[in-house]
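Source: prediction; values computed, not measured. Computed over heavy atoms, backbone and side chain alike; hydrogens, waters and symmetry mates excluded.
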Protein chains: 2
Amino acid sequence: MFMTTLWDRSRQVAAQAILDTAVRLFAEQGYEQTTIAQIAREAGISQRSLFRYFGTKEDLVCGDQDALGELLKRTVERQPAEMSAWDALRAGFEVLLTANHTAERALELSRLIFDTPSLHARYIEKRLRWQAALIPVVQVRLGAATGLAPDPRAKAIIATVFACADTATELWVGHDGRLDLADLYDQCLAAVRDSG
Amino acid sequence: MFMTTLWDRSRQVAAQAILDTAVRLFAEQGYEQTTIAQIAREAGISQRSLFRYFGTKEDLVCGDQDALGELLKRTVERQPAEMSAWDALRAGFEVLLTANHTAERALELSRLIFDTPSLHARYIEKRLRWQAALIPVVQVRLGAATGLAPDPRAKAIIATVFACADTATELWVGHDGRLDLADLYDQCLAAVRDSG
DNA sequence: TGCCTAGTTGGCAGTTAATGCCAAGTAGGC
DNA sequence: GCCTACTTGGCATTAACTGCCAACTAGGCA
């Protein structure tokens with residue numbers, strides 16, 4: 001039906017406008033210091049409607065994570081079967097880098113997240129859902145008895161890879177985006193896997 | 001001064017009573033479904049006072065994490081100088097295990113945290129602070145030029161160790177505490193460091 | 001054209017966590 | 001028994017949400 005598509009489109013435009021307002025205000029005066037009322041006022045909608053677009057204030061910053069998680073999972077899944085779990089996950093993250101926003105926007109959002117403890121925690125918590133979804137995908141690459149016993153290995157490897165990705169991003173933000181994020185990720189993983 | 005000590009003592013007794021009430025209610029009816037008003041009522045104090053003992057509702061569950069973080073740092077610091085960063089951190093976690101509460105209480109709290117997203121996020125936030133505090137401690141064990149350039153290695157190693165500890169705890173909770181937590185931790189770390 | 005229906009919007013009231021303020025109480029030290 | 005330091009409770013307020021209802025808007029159809 002065209003109807004649905006049209007509606008969705010205008011919805012997306014509205015959502016983007018709200019998002020731009022919110023991110024601008026967050027960057028200008030900080031996340032905690034910005035109220036929903038102010039965002040709604042400046043975006044020209046009611047507070048009530050804002051909550052219909054974004055269920056929570058935090059979703060204004062880490063809202064579209066869900067879509068990225070799906071992309072990550074699919075990418076890892078599609079790597080050649082003979083590729084190791086580590087390499088497949090690395091390939092997945094590499095795709096995420098390009099799929100994100102512009103580098104500037106990504107840096108701005110990342111800075112917001114890493115500078116705001118509550119946001120950072122919430123962001124990590126959202127990613128825990130990605131991790132859970134990745135378990136079966138990784139497990140098949142471990143040559144595991146894909147049986148009932150939950151193999152700690154998949155969970156641990158995924159958690160580690162995310163920990164390194166997070167660390168790399170934090171370093172990247174700390175350097176104002178001047179270093180290469182993929183390089184930093186490789187350095188982090190090397191520090192973990194290739195040291196005494 | 002004895003005065004201060006006495007006051008502190010009665011404060012601690014009161015805090016413990018509030019805590020017991022809160023944890024009982026959380027276990028009975030869930031974290032989100034339990035209001036501060038109800039806890040205060042059943043503990044026999046005013047809402048206002050409850051917030052003076054525990055700054056936030058979340059602190060009722062992960063409040064004494066701060067003290068544990070301090071203990072972790074001190075323990076890691078005091079390991080023999082020739083011990084590797086990995087082993088020193090492991091020793092730190094081992095001390096935490098015994099310093100926690102009884103195994104039952106720890107299991108109860110852990111289950112609450114892992115089952116409640118907002119709590120889990122808050123818990124992660126506290127752990128991020130531990131991680132930051134550990135950076136200098138770990139860095140000296142890496143034979144690093146302890147200079148200005150922030151070495152990614154310390155950050156990455158710490159993040160990984162915490163990721164494995166978290167994974168181990170999640171598995172432990174999933175098995176109702178029947179497996180050994182330290183064993184699970186070792187399995188997680190082995191999966192990360194000793195695999196192709 | 002004009003109605004019908006589905007879906008959106010905004011306002012309003014209410015809940016919950018959290019903070020500031022002030023007055024009342026309480027427990028040592030003199 | 002008073003003074004001081006500290007705690008407590010009540011009140012008001014803010015900010016993030018949520019439910020409810022009435023008003024609006026845009027296709028579909030006669």
### Message
For B/Arg24, is there an ion pair with B/Glu42 - N to carboxylate O distance below 4.0 angstrom?
### Response
yes
### For DNA chain C, the residues among residues 32-51 of chain A that have a non-hydrogen atom under 4.0 Å from it
A/Ile45, A/Ser46, A/Arg48, A/Ser49
### Message
What is the distance, to the nearest angstrom, from the CZ atom on B/Arg122 to the C1' atom on C/dA17?
### Response
13 Å
### Query
Backbone N or O of B/Val95 within a donor-acceptor pair of the B/Thr98 side chain at under 3.5 Å?
yes
### Atom-to-atom span, CZ of A/Arg52 to C1' of D/dC20 - whole angstrom
10 Å
### Task
Could you tell me whether the side chain of A/Val137 reaches within less than 4.5 Å of the side chain of A/Lys73, counting heavy atoms only?
yes
#### Entry: Nucleotide C/dA17, atom P - distance to CZ of B/Phe54 in whole Å
15 Å
### Task
Round to a whole Å and report the spacing from CD of B/Gln29 to P of C/dT16.
12 Å
### Message
Check this one for me: any side-chain N or O of A/Tyr53 less than 4.0 Å away from OP1 or OP2 of C/dT8?
### Response
no
### Task
Determine whether more than 12 heavy atoms belonging to other residues, nucleotides or ligands lie under 6.0 Å from atom CD of A/Glu104.
no
### Query
Would you call A/Asp186 and A/Arg90 a salt bridge, taking side-chain N to carboxylate O under 4.0 Å as the test?
yes
### Query
Taking NZ, NE, NH1 and NH2 as the nitrogens, is one of them in B/Glu108 or B/Arg111 under 4.0 Å from a carboxylate oxygen of the other?
no
